[in-house]
*Asks:* 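Take a look at the following structure, please.
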Amino acid sequence: MLYIVIPEEFRSGAEELIKLFFPRNGYKFIEKTDILDPNDIFISLDINDENDKHEIKICLKHEDEILYSESACIEKKDECNRIRSQAKVLLYNCLSHYTGKKLPWGALTGIRPAKIVRSLLNMGLTSDEAYRKLTDYYKLSENKARLTVEVALNEMGFLKNAEKKVSVYIGIPFCTSRCIYCSFPSVEMSKFGNLVSDYLEALHKEMQWVAHWIRDRNLKIDTVYIGGGTPTAISESHLDYLLNFVVSVLPLENIREFTVEAGRPDTLNFEKLNIIRNAGVTRISINPQTMQEKTLKLIGRNHTASQVFEAFGMARALGFRNINCDLIAGLPDENERDFEETLARIGELSPDSVTVHTLSVKRASRLINEMEIIRQTDDETVNSMVETAGFFLRSMGMHPYYLYRQKNILANLENVGYAKPGCEGIYNILIMEEVQTILALGAGASTKIVYPEENRVERVFNVKNVEQYIRRIDEMIQRKIKLLDT
């Protein structure tokens, strides 16, 4: 057992990192070292005032012998986030020394690593200097550092003047079935389909208020993203009604991108795709996740690989020229050959962009309760899958344009969006980089208000439960009024 003495205010951030070295415990936080036996090994992190500086020191000890120590100083004018960042780096170095383990993302545990690079570039550093900061200070592997810098550079053009506009997210929390790994606020049509009409009426009401707020401030909508759930799980008439009021209510004159998640191929037909096309949607997502029939059944997706091809064929015939695919690396019981076969079949589809997710075992998913009976992909295999996907998609003429990470992600890896030039998902970039206010509508939606001058983001949440959202729609609007009109 490794004992850790660390100030209380740093524990939550530190524990994220510690768990990557000790996924099944193996450590324990304590208040002070005088309760330990002589044979116990412990790490202590101390922060001391030194005139105009804070000294941060970490030490690994066993039987009064110092096995590792390191220190750093932070000027008090730079404290707060700098102290936390430096403390995490020192902790990483110490844990890496103790375990002999190096993590691909080094000391970084945050969701948005490209934001760090963008910040460094805005400070005047070159891309090479930003790369060295990632490898030398944050201890990223060379591959992850290169990927992060490349994504940050590819994002730059899409972020220009983005803070002067707003985007709109619309959540449709209905699905044909719930995938084993899903943690999104969604309900199955077989049980809750009777709520769709009332849900759309509530959504319409929330949208009318948002449109009024946007027009009152003479703002322009940059992107619209309709996600879920699976928006195309609802009927043709409901989908037509939804898209008609989106187009008629929101001021879309200056929109750069209009996306609809048409995720489940078994929910698609010619009529639904035609409704989407006629509404002016510029980008859709048809998401197989895998092309292995055995895995599709295991994870609870009620469609076949052939239905993915059928859906793509219909979409292309209707003129869609920007179609995304989502894939997941590390799905249960899949090996490298399975994943390579999936990639080959995706290549046959010739999508315009592909988002490669690494499986994340979320607390709100069914998967977390079935880990004892489902074989989890080992770190080496899932890392190979992710690397293979990158090489394959680059060979198709795609480049990485957005990147994010999640808690409990296999092998401490990442999710990356690849796209052909001109087919990047702009909303994906905006939501990750947090440079633009995003007004989110629907059950479980989270609105982000960005204050660029203050480098601050405020959030307001809608309730996740669909029935409560319908009943409490006026309250959801009042929550937005309280934040947006103050």
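Values below: every heavy atom of this structure, side chains too, minus hydrogens, waters and symmetry copies.
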*Asks:* Using a distance-only test with no angle check, is there a side-chain donor-acceptor pair under 3.5 angstrom linking Asn428 and Tyr404?
*Replies:*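 No donor-acceptor contact under 3.5 Å links the two side chains.
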*Asks:* I'd like to know if the side chain of Asp37 and the backbone of Asp40 have a donor-acceptor N/O pair within less than 3.5 Å.
*Replies:*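 No; judged by distance alone, with no hydrogens or angles, the pair does not exist.
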*Asks:* Consider side chain to side chain donor-acceptor pair (under 3.5 Å). Of Thr176, Asn287, Thr232, Thr230, which one does Arg264 pass it with?
*Replies:*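 Filter result, single survivor: Thr176.
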*Asks:* Please assess Leu20 against Glu16 for the test side-chain contact (heavy atoms from CB on, under 4.5 Å), listing each intermediate value before the final yes or no.
*Replies:* CA-CA 7 Å; Leu20 298 174; Glu16 287 182 59; over 6 Å; no
*Asks:* With rounding to the nearest 0.5 Å, note down the distance linking OG in Ser186 to CD1 in Ile172.
*Replies:*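 Here the interatomic distance stands at 12.0 Å.
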*Asks:* When you measure from the side chain of Glu257 to the backbone N and O of Ile426, does any donor-acceptor pair fall under 3.5 Å?
*Replies:*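 Present.
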*Asks:* Measuring only between side-chain heavy atoms, which start at C-beta, is Glu142 closer than 4.5 Å to Tyr131?
*Replies:*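 A side-chain contact exists here, since the closest heavy-atom pair is under 4.5 Å.
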*Asks:* With Arg405, which of Asn412, Asn415, Thr358, Thr109 fulfils side chain to side chain donor-acceptor pair (under 3.5 Å)?
*Replies:*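 Exactly one candidate clears the test, Asn412.
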*Asks:* Which atoms form the tightest heavy-atom contact between Thr148 and Leu134, and what is the distance?
*Replies:*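 Shortest heavy-atom separation between Thr148 and Leu134 comes out as CB-CD1, 4.0 Å.
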*Asks:* Take Asp222 and Arg256, measure what salt bridge (charged side-chain N to carboxylate O under 4.0 Å, His left out) needs, and give me the verdict at the end.
*Replies:* CA-CA 6 Å; Asp222 199 8; Arg256 277 198 290 174; 2.7 Å; yes
*Asks:* Do Phe158 and Leu430 come within less than 4.5 Å of each other through their side chains, counting heavy atoms only?
*Replies:*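 Sidechains of Leu430 and Phe158: no contact.
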*Asks:* By the definition side chain to side chain contact (heavy atoms under 4.5 Å, CB included), identify the one residue from Glu334, Arg345, Arg301, Glu341 that meets it with Thr290.
*Replies:*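 The passing option is Glu334.
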*Asks:* Examine distances only and state if a side-chain atom of Asn48 and a backbone atom of Glu55 form a donor-acceptor pair shorter than 3.5 Å.
*Replies:*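 Checked: no pair found.
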*Asks:* What are the two closest non-hydrogen atoms of Gly229 and Cys175, and how far apart are they?
*Replies:*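 Gly229 and Cys175 have their closest heavy atoms at C-SG, 4.3 Å.
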*Asks:* Indicate the atoms forming the closest heavy-atom contact of Gln307 with Asn302, along with that distance.
*Replies:*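 For Gln307 and Asn302, the tightest heavy-atom pair comes out as OE1-O, 4.3 Å.
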*Asks:* So Glu8 and Arg11, salt bridge (charged side-chain N to carboxylate O under 4.0 Å, His left out) or not? Walk me through it.
*Replies:* CA-CA 5 Å; Glu8 183 70 32; Arg11 282 193 183 180; 3.6 Å; yes
*Asks:* Are any side-chain N or O atoms of His62 and backbone N or O atoms of Asn39, one a donor and one an acceptor, separated by less than 3.5 Å?
*Replies:*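 Yes; at least one donor-acceptor contact below 3.5 Å.
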*Asks:* As an exercise, state the distance from CG of Leu36 to CE of Met1, rounded to the nearest 0.5 Å.
*Replies:*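 Reported value, rounded in 0.5 Å steps: 11.5 Å.
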*Asks:* For the residue pair Leu60 and Cys94, what are the closest heavy atoms and their distance?
*Replies:*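 Here Leu60 and Cys94 meet closest at CB-SG, 3.7 Å.
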*Asks:* Under the criterion side-chain contact (heavy atoms from CB on, under 4.5 Å), I'd like the reasoning laid out for Leu108 against Leu140: C-alpha separation, chi angles, the key distance, then a yes or no.
*Replies:* CA-CA 8 Å; Leu108 292 186; Leu140 270 66; 3.6 Å; yes
*Asks:* Please confirm whether the backbone N or O of Pro400 pairs with a side-chain atom of Arg394, one donor and one acceptor, at under 3.5 Å?
*Replies:*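 No.
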*Asks:* Under 3.5 Å, is there a donor-acceptor pair linking the side chains of Gln289 and His357?
*Replies:*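 Distance-only check fails for Gln289 and His357.
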*Asks:* Any side-chain to backbone donor/acceptor pair from Ser395 onto Phe392? Under 3.5 Å, distance only.
*Replies:*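 Side chain of Ser395 to backbone of Phe392: a pair is present.
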*Asks:* Quick one: CD on Gln436 to CD on Glu163, what's the gap to the nearest 0.5 Å?
*Replies:*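 Reported to 0.5 Å precision, the distance equals 8.5 Å.
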*Asks:* Answer whether the closest heavy-atom distance between the side chains of Tyr98 and Leu67 falls below 4.5 Å.
*Replies:*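 Heavy-atom side-chain distance check fails, nothing below 4.5 Å.
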*Asks:* How many angstroms lie between OG in Ser353 and CG in Asp326, if you round to the nearest 0.5 Å?
*Replies:*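 Going from the OG atom of Ser353 to the CG atom of Asp326 covers 8.5 Å.
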*Asks:* Using atom types as modelled and distance alone, determine if a side-chain donor or acceptor of Ser285 lies under 3.5 Å from a backbone N or O of Ala262.
*Replies:*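 Here the side-chain-to-backbone pair does not exist.
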*Asks:* As a quick check of understanding, evaluate side-chain contact (heavy atoms from CB on, under 4.5 Å) for Val224 and Ile170, giving each step before the final call.
*Replies:* CA-CA 8 Å; Val224 172; Ile170 301 163; 4.0 Å; yes
*Asks:* Any idea which heavy atoms bring Tyr225 and Tyr427 closest together, and the distance?
*Replies:*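 Closest heavy-atom pair between Tyr225 and Tyr427: CD1-CD2, 3.4 Å.
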*Asks:* Any carboxylate oxygen within less than 4.0 angstrom of a Lys/Arg side-chain nitrogen, looking at Lys144 and Glu387?
*Replies:*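 Glu387 and Lys144: salt-bridged.
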*Asks:* Would you compute the distance between atom CG of Leu91 and atom CD1 of Ile4 and round it to the nearest 0.5 angstrom?
*Replies:*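 If we round to the nearest 0.5 Å, Leu91:CG and Ile4:CD1 are 6.5 Å apart.
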*Asks:* Can you tell me how far apart CZ (Phe339) and CG (Leu327) are? Round to the nearest 0.5 Å.
*Replies:*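 It is 5.5 Å, given to the nearest 0.5 Å.
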*Asks:* Closest approach of Pro104 and Leu413, non-hydrogen atoms and distance?
*Replies:*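 Heavy atoms only, the tightest pair is CG-CD2, 4.2 Å.
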*Asks:* Is the centre of the Tyr92 ring less than 6.0 Å from the centre of the Tyr138 ring?
*Replies:*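 No, the ring centres sit 6.0 Å or more apart.
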*Asks:* Has Thr135 got a side-chain atom pairing as donor or acceptor with Arg132's backbone, closer than 3.5 angstrom?
*Replies:*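 Between the backbone of Arg132 and the side chain of Thr135 there is a qualifying donor-acceptor contact (under 3.5 Å).
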*Asks:* The test is side-chain contact (heavy atoms from CB on, under 4.5 Å); show your working for Glu261 and Asn324 and say whether it passes.
*Replies:* CA-CA 9 Å; Glu261 284 274 357; Asn324 175 73; 5.8 Å; no
*Asks:* Can a donor-acceptor pair be found, under 3.5 Å and without considering hydrogens, that links the side chain of Ser119 to the backbone of Lys115?
*Replies:*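 The answer is no, because no donor-acceptor pair under 3.5 Å joins these two groups.
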*Asks:* Under the criterion salt bridge (charged side-chain N to carboxylate O under 4.0 Å, His left out), which of Arg118, Arg112, Arg456 is the partner of Glu434?
*Replies:*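 Going through Arg118, Arg112, Arg456 one by one, the salt bridge (charged side-chain N to carboxylate O under 4.0 Å, His left out) with Glu434 is satisfied by Arg112 alone.
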*Asks:* Taking the side chain as everything from C-beta on, heavy atoms only, tell me whether Lys294 gets closer than 4.5 Å to Asp333.
*Replies:*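 Of all side-chain heavy-atom pairs linking Asp333 with Lys294, none is under 4.5 Å.
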*Asks:* Indicate yes or no for a side-chain donor-acceptor contact from Asp338 to the backbone of Asn335 under 3.5 Å, with no hydrogens or angles considered.
*Replies:*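 Yes, Asp338 side chain to Asn335 backbone: donor-acceptor pair under 3.5 Å.
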